Peer 1: 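Please find one structure pasted underneath; my questions will follow.
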Protein chains: 2
Amino acid sequence: MKSYTPDGHIETALTEKDAKELDIIELFFFAYRDFTADPDMILEKLEFGRAHHRVLYFVNRKPGMTVAELLEVLKITKQSLARVLKQLIDKDHIVQIQGPRDRRQRELYPTHRGRQLALELAAPQSRRIANALEQLDPSKRAVIEHFLKAMVNPAQWQQIDSLPKSG
Amino acid sequence: MKSYTPDGHIETALTEKDAKELDIIELFFFAYRDFTADPDMILEKLEFGRAHHRVLYFVNRKPGMTVAELLEVLKITKQSLARVLKQLIDKDHIVQIQGPRDRRQRELYPTHRGRQLALELAAPQSRRIANALEQLDPSKRAVIEHFLKAMVNPAQWQQIDSLPKSG
DNA sequence: AAATTAAGTCAACAACACTGACATAATCTT
DNA sequence: AAGATTATGTCAGTGTTGTTGACTTAATTT
């Protein structure tokens, strides 16, 4: 059914017959694109980028996190983290405190400003999610969460589970 | 309940009480991180990046797409697309054909090689999704699709709807 | 005392995005 | 037919976010 042209190019679209789950592959792309676009606009005004957002987010979710833990979650190198973290510290969004048990470690905490910004950045994302869930009946929430968690490598579920629940 | 320390840093974690849907915010982050990691490994060997993947994907999904259409979907500038597209053309994954109606346009088509690579890149992503769905009963598939579509800006639903269905 | 670990730093580099300016060819408008 | 607009391509410069590799410092472990 794949139609070839004289010069060898393909005119037939790739569809579900060729590869499964294409619809979800592209929905995931579009959803993530728009999901990140909202905070990006806020960050631009502060001369921060998406990398700053990620650091700020996780430090707020787990205050006292060490540098090594953060690197594990973000899956980037310490040199890459260094620049971004330095800027967040300089602009008084995060502070580093020498680890009490092991004084080589640096525990990361948000300042009041850092907490405020994290909340401001979370707001449009919460709104987008709440809006998407509203169109579903409440029992469906668990389905979404289960699906998303199953999309994550099981080896890293521990990262998710280590974050605090609603409390 | 927010506990301040003498020097002003915050030790209390950000939780659902402070901002809604945090669990889905972070699940979305982790899921997308791992979802893109699989094709990234394949691309590395070919000296391609994630940008090449996105171009190749959409050209395969809608052969004959023009440059302008692609820019709209990817939300990048033509200068940014140029480099990546040139490399895909040089390495014989995509061809450009002068538009038959409007000869200013360049219609983009995958070559056989380009189709093969698109399939190879889609494979691990399909597998990951199929595996995540397997743990749910089949009726739940529609719930996921509905949720993901609702996460996309309605103004861009037309981009999703313009892609070919299984047919 | 020696080895290892946590973190920081310097330097070079690459991918992928951006802005602004300009060129060419084709189409549309008047 | 002339002029304006459109689709694409290209050149040059810049910024963010990532990489590798090498080295330092201080603290902890062996």
Side-chain angles (χ1 to χ4, degrees), chain A residues 29 32-33 36-37 39-59 64-91 94-109, chain B residues 29 32-33 36-37 39-59 64-91 94-109:
Chain A
F29 164 74
Y32 200 76
R33 183 194 64 180
T36 51
D40 281 355
M41 283 175 55
I42 299 169
L43 290 159
E44 210 177 348
K45 287 178 284 188
L46 301 169
E47 309 205 274
F48 285 153
R50 204 173 289 179
H52 300 86
H53 186 186
R54 292 195 284 252
V55 170
L56 192 62
Y57 182 88
F58 286 107
V59 169
M65 215 179 200
T66 65
V67 170
E69 275 182 274
L70 192 48
L71 293 177
E72 253 306 293
V73 168
L74 300 178
K75 298 241 189 281
I76 59 175
T77 58
K78 67 176 169 179
Q79 296 93 326
S80 193
L81 175 61
R83 242 168 333 188
V84 166
L85 185 54
K86 191 175 190 317
Q87 291 167 339
L88 285 166
I89 291 168
D90 288 349
K91 294 270 178 73
I94 289 181
V95 293
Q96 276 179 314
I97 295 184
Q98 189 160 271
R101 298 159 273 274
D102 185 334
R103 292 184 303 168
R104 286 171 305 182
Q105 294 182 335
R106 300 288 179 270
E107 294 185 347
L108 304 171
Y109 293 93
Chain B
F29 164 75
Y32 200 76
R33 182 194 66 179
T36 51
D40 282 355
M41 282 176 54
I42 299 169
L43 291 159
E44 211 177 348
K45 287 177 283 184
L46 301 170
E47 310 206 271
F48 286 152
R50 205 175 287 181
H52 300 86
H53 186 185
R54 292 195 284 253
V55 170
L56 192 62
Y57 182 87
F58 285 108
V59 169
M65 218 180 197
T66 65
V67 170
E69 276 182 274
L70 192 49
L71 293 177
E72 254 306 294
V73 168
L74 300 178
K75 297 240 188 282
I76 59 174
T77 57
K78 66 177 169 175
Q79 296 92 328
S80 194
L81 174 61
R83 239 166 335 177
V84 165
L85 186 54
K86 191 177 190 318
Q87 291 167 340
L88 285 166
I89 291 167
D90 287 349
K91 293 268 178 73
I94 289 181
V95 292
Q96 276 180 316
I97 294 184
Q98 188 160 271
R101 297 157 273 274
D102 184 334
R103 291 184 303 167
R104 287 171 305 182
Q105 295 182 334
R106 299 288 178 272
E107 293 184 344
L108 303 172
Y109 294 92

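These numbers were taken from a predicted model, which means no experiment stands behind them. Chain letters run A, B, ... following the sequence lines, proteins first, then strands; residues in each count from 1.
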Peer 1: With no angle test and no hydrogens, is the base of D:dT8 tied to the side chain of B:Arg104 by a donor-acceptor pair under 3.5 Å?
Peer 2: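 In this structure, the two groups form no donor-acceptor pair.
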Peer 1: Which of these nucleotides, C:dT27, D:dT28, C:dA17, is closest to any side-chain atom of B:Arg103?
Peer 2: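 Per side-chain heavy atoms of B:Arg103, the pick is C:dT27.
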Peer 1: Which atoms form the tightest heavy-atom contact between A:Arg103 and A:Arg106, and what is the distance?
Peer 2: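 Looking at all heavy atoms of both residues, the closest pair is O-NH1, 3.2 Å.
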Peer 1: If you compare every side-chain N and O of B:Arg106 against the phosphate oxygens of C:dA26 (OP1, OP2), does one of them come in below 4.0 Å?
Peer 2: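 Answer no for this pair, as no side-chain N or O of B:Arg106 is under 4.0 Å from OP1 or OP2.
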Peer 1: Base, sugar-phosphate alone, or nothing: which one does A:Glu47 contact when heavy atoms must sit under 4.0 Å apart?
Peer 2: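 Nothing, no heavy atom under 4.0 Å.
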Peer 1: Pick out which of A:Gln105, A:Arg104, A:Gln98 makes a side chain to side chain donor-acceptor pair (under 3.5 Å) with A:Asp102.
Peer 2: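 Filter result, single survivor: A:Arg104.
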Peer 1: Which nucleotide, C:dT9, C:dA26, D:dT8, lies nearest any side-chain atom of A:Ala82?
Peer 2: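 Minimum distance to the A:Ala82 side chain belongs to C:dT9.
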Peer 1: Looking at D:dT16, I'd like to know if its phosphate oxygens (OP1 or OP2) sit under 4.0 Å from a side-chain N or O belonging to A:His52.
Peer 2: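 No, no such contact exists.
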Peer 1: Check every strand shown and say whether B:Glu107 touches a base, only sugar-phosphate, or nothing at a heavy-atom separation below 4.0 Å.
Peer 2: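 No contact.
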Peer 1: Would you indicate, yes or no, if D:dG9 has its OP1 or OP2 atom less than 4.0 angstrom from a side-chain nitrogen or oxygen of B:Gln96?
Peer 2: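 Yes.
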Peer 1: Which is more 5' along DNA chain D, the nucleotide nearest A:Gly49 or the one nearest A:Asp102? Just name the residue.
Peer 2: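 Whichever sits nearer the 5' end wins; that is A:Gly49.
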Peer 1: Would you kindly compare A:Lys86 and B:Gly99 by the position of their nearest DNA chain C nucleotide and give the one closer to the 5′ end?
Peer 2: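 With A:Lys86 and B:Gly99 compared, the 5'-side residue is A:Lys86.
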Peer 1: If only side-chain N and O atoms of A:Arg54 are considered, is one of them under 4.0 Å from the OP1 or OP2 phosphate oxygen of D:dG18?
Peer 2: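 Yes.
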Peer 1: Quick one: does B:Leu108's side chain get under 4.5 Å of B:Glu69's, heavy atoms only?
Peer 2: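 B:Leu108 vs B:Glu69: side chains apart.
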Peer 1: Taking any heavy-atom pair under 4.0 Å as a contact, classify B:Arg83: base, sugar-phosphate, or nothing.
Peer 2: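 If one applies the 4.0 Å heavy-atom cut-off, B:Arg83 turns out to touch a base.
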Peer 1: Assess whether atom CD of B:Gln79 is packed by more than 12 heavy atoms of other residues, nucleotides or ligands within 6.0 Å.
Peer 2: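 Atom CD in B:Gln79 is packed in, count exceeds 12.
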Peer 1: Nearest to the side chain of A:Val67, heavy atoms from C-beta on, is which of C:dA7, D:dA27, D:dT5?
Peer 2: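 So the side chain of A:Val67 is nearest to C:dA7.
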Peer 1: How close do A:Ile94 and A:Val59 get, counting heavy atoms only, and between which atoms?
Peer 2: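 The answer is CD1-CG2, 4.0 Å.
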Peer 1: Within residues 68-80 of chain A, find the residues that approach DNA chain C with a heavy atom at under 4.0 Å, and present them sorted by residue number.
Peer 2: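 A:Ala68, A:Lys78, A:Gln79 - these, ordered by number, are the residues of the stretch whose heavy atoms sit under 4.0 Å from the strand.
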